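Written out below as structure tokens is the structure these notes cover.
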Amino acid sequence: MKGEGIPCGRSLCGGRDAVGSQQDSCSKQRSAGFRKPTAVGKSTFARLLQSENEDWEVVQEPVSKWQNVEGASSQQTVNNLLQMMYQDPQRWSYTFQTFSCMSRMRTQLQPPAPRLLRPQGTPVQVFERSVYSDRYVFALNMFELGCISPTEWAVYQGWHSFLLEQFGPRLQLEGIIYLRASPERCMDRLRKRGRDEEKGVELAYLEKLHTQHENWLVHRSTELHFEHLKQLPVLVLDASVEFEQDVGVQEALITQVTLPPAHLSYALGTSKPYGREVIKGQLSAINAWTPRHPCCFTLSPDREGEGRYSTVSGFVTVNVTAALFARIEKKTRTSSRMESFIRAAFLFAALFFSTGSARSSQQITHSGKTVKLSGTPLQASHHQPGGGHVISDPSFGFKSSAYHPSRYPMYMMQLYRTFKTGDAARTKAVSPVWSQSADNPALHDSDSVLSLIAKSCHQIGERWTVTFDMSSISASDDIQLSELRFRLPAFSSSEQATIDIFHSRKQPCGPRSQTCPEERLFLGSFRGVPGSGSSSWKVFNVTALLKFWLHQGEPRVDVGSGEEDTDAPSGRVEHPTTDRVMMVVFSKHSPSWGGQHTPTLIQTVEQSKYAVKDRAVGDAGQNRRHKRNRKDRDRVREAVGAAATAPQVEGEQKPLCRKVDMWVDFDHIGWNEWIVYPKRYNAFRCAGDCPTPVDESFRPTNHAYMQSLLKLFHPDRVSCPSCVPTRLSSLSMLYYESDGVVLRHHEDMIVEECGCH
Ligand SMILES: Nc1ncnc2c1ncn2[C@@H]1O[C@H](COP(=O)(O)OP(=O)(O)O)[C@@H](O)[C@H]1O
Ligand SMILES: Nc1nc2c(ncn2[C@H]2C[C@H](O)[C@@H](COP(=O)(O)O)O2)c(=O)[nH]1
């Protein structure tokens, strides 16, 4: 194993070649110029995170301490251990790892900054690397390179395990963010940084470090010695993108870190006393956020026995940051704010990598006891040359991307996030945080939010014309609020603007037609003052205008050819629309408006052009899909709660009716391309026998009770009552519909309770 895969041009551990067999093997296996790797952009990204939210504290890696090792008295000679390690790795690697690990330990143990201990807020500590990367990346790497001898490695591991056990939960993390970029990209950034000590670092070394990170965080093949670490959620971000200057990419990355799991706030925000089962259910809901990889938040065994959690005061409701790291804690047990805060410690484990992928998850700590959350890939975002982003399969780079070609509307992601966080009572309320009409009570009745990107936007002097395809808004939508939003510098700098709004839908056209006839309907016009307010989004309430058009209006029809630009008057300026000009419609589906019922998920799927597109593939595709579906079904089956699927030992009593896990991964059912969030959720299901006679705890109907009595007295006459869902809850989903993205609540998606009926 030692030195395996290491380029061996020159010795990495130069200078010690002649010292014994261990050193010999080292010198043979290591390539020359081993210097330090890294520079993926951890510090840069960490600064970004910190600037995003004042509740976040980024604790930097103590590199300066390594560069200036002070003697016992601070007057003594100062040594640059980092440089010594790079210059003579064989001599200094063990010493370096001892020192780096101790300094990391100190950093992780230090109390959070006082500003984080305010009574409000949801503090999160973010560490640049940790005692775990010290061992499972760097020290291991040095050992494999032969720069640390087997004896040194054994000694290192001995004290590392001992100390970590001693400090226990104080050193535990709640999540890992793996910034992933190719070794080549890291090399570029390392050169750009131009640190003296790193001048001799070669690509081969970065590649080796890359492999260590991949083994630990992606392939999960590194042997770990701490149970909690095995469950630790890992969010992989594509750090190869140039995010330093690009606000859009920054937003996309930050959103991935902070996007909350579905139902998190619900889980943490209600005010009833919690029983263990309730907590479990809530945790499962939180887990819904973590698609793809089984498991996540579970109660640790030591919590199981307790049976009852505290009231709501025992919970910290976290806003965005809670997404990754929520710590359930009981105020009655915690003596200080410091103990009770949400210590969402990230480890910037990653440094040097190839194309990105994402896993995310978390661990909740409750006064030293832990509830673990392990995770799944989040969407990784590629920056497109055109300035937009596409969301691709998180495992891109390893398997084919499934991405939606259109821009992933940041606004909707934020709205989803806000909505989830504010979904305290799992009502149908839509959080108005992102709306200027925040105090509009009508919003609380909305059950869907549709965002439409303008098809075009142009300006002639003070007159602005925006065109949307409104076909996805139906008369049965009871519009609660509609906002026209602009984020265009030219618009913001205008003193006055007259805005004309059009609806237009391209007519179906022949396969060869370039220009299809286009019918434009004039919705209305209004005057506004864009320059007011400091927000970058200029928002206008167009609810009345849209309602009028939908229900009473006699729209003016303006038939165009699709080539209207040709006779455009001079002075006309076209503006970009993606993420810049949009209409957001909050509505409630009302049968009274259109005589229909709220669309069921089945109707939604049937009407979805994405789903239709999927069905339209030819026979070959069909066959492939069938095969895949079979595989997927198998996978789904695997994901179903182990307890429920475990084979029954003959004669052993079957478990009684209860709720068990049933993970629905939208990828596995071919819906991943149109569902944005969640990618996976725990729908639960009911499994087990109904006893005869059935008792109250199974919430039987009278009929079921009678049936169970009959079964008791005449076993052959009737079957037992069935174990079925007796209470279901809704799931909020963000998905593409027509040309927009919609946030909608679908009823009866999650089993809350099972019983015998
Ligand atoms: N996403 C990025 N795009 C372009 N340059 C970057 C990016 N991230 C970091 N850099 C640059 O790369 C160099 C190393 O970044 P730094 O944040 O110090 O890395 P690390 O903390 O991981 O060692 C710096 O010069 C920084 O300006
Ligand atoms: N041999 C080790 N080198 C390490 C360790 N931790 C960090 N480093 C190196 C890598 C860089 O040269 C420098 C700091 O890196 P950043 O990329 O974070 O700026 O220190 C270690 O544990 N062992």
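All of these numbers come straight from a predicted model, not from anything done at the bench.
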Open item on the list: Under the rule for side-chain hydrogen bond (donor to acceptor under 3.5 Å, both in side chains), what residues qualify as partners of T107, not counting sequence neighbours?
Closed with: none

Task: Partner residues of S43 under the side-chain hydrogen bond (donor to acceptor under 3.5 Å, both in side chains) criterion, sequence neighbours left out - done: E128

Open item on the list: A side-chain contact here means heavy atoms from C-beta on lying under 4.5 Å apart; do M142 and M85 qualify?
Closed with: yes

Task: Sub-4.5 Å side-chain heavy-atom contact between N141 and F138 - done: no

Open item on the list: Please enumerate all residues that pass side-chain hydrogen bond (donor to acceptor under 3.5 Å, both in side chains) together with N68, with sequence neighbours excluded.
Closed with: none

TODO: Classify the angle between the aromatic ring planes of H225 and Y136 as parallel (below 30°), tilted (30 to 60°) or perpendicular (above 60°).
DONE: parallel

TODO: Check whether any side-chain heavy atom of E207 lies under 4.5 Å from a side-chain heavy atom of E184, and answer yes or no.
DONE: yes

Open item on the list: Does any part of the side chain of K230, heavy atoms only, come nearer than 4.5 Å to the side chain of E227, both counted from C-beta?
Closed with: yes

- [ ] Check ring pair (Phe, Tyr, Trp, His ring centres under 6.0 Å) between Y156 and all other residues, then give those that pass, not counting sequence neighbours.
- [x] W153, W159, H160

TODO: Could I get the full list of side chain to side chain contact (heavy atoms under 4.5 Å, CB included) partners for S221, not counting sequence neighbours?
DONE: N215, H219

TODO: Among residues two or more places apart or on two chains, list those pairs meeting salt bridge (Lys or Arg N to Asp or Glu O under 4.0 Å) that have a residue in residues 93-104.
DONE: E61-R104, R104-D134

Open item on the list: Among residues at least two apart in sequence or on other chains, which ones pass side chain to side chain contact (heavy atoms under 4.5 Å, CB included) with S161?
Closed with: R135, E165, F226

TODO: Starting at CG of L206, measure out to NZ of K208 and round the result to the nearest 0.5 Å.
DONE: 13.0 Å

TODO: Indicate the ring-plane relationship of H228 and Y132, choosing parallel, tilted or perpendicular according to the 30° and 60° boundaries.
DONE: perpendicular

TODO: Mark yes when over 12 heavy atoms from residues, nucleotides or ligands other than Q157 sit less than 6.0 Å from its CD; otherwise mark no.
DONE: yes

Task: Close side-chain approach of W216 and L229, heavy atoms under 4.5 Å - done: yes

Open item on the list: If you define the side chain from C-beta out and look only at heavy atoms, does anything of R180 sit under 4.5 Å from R185?
Closed with: no

Open item on the list: Tell me every residue that passes side chain to side chain contact (heavy atoms under 4.5 Å, CB included) with R191, counting only those two or more places apart in sequence or in another chain.
Closed with: M187, D188

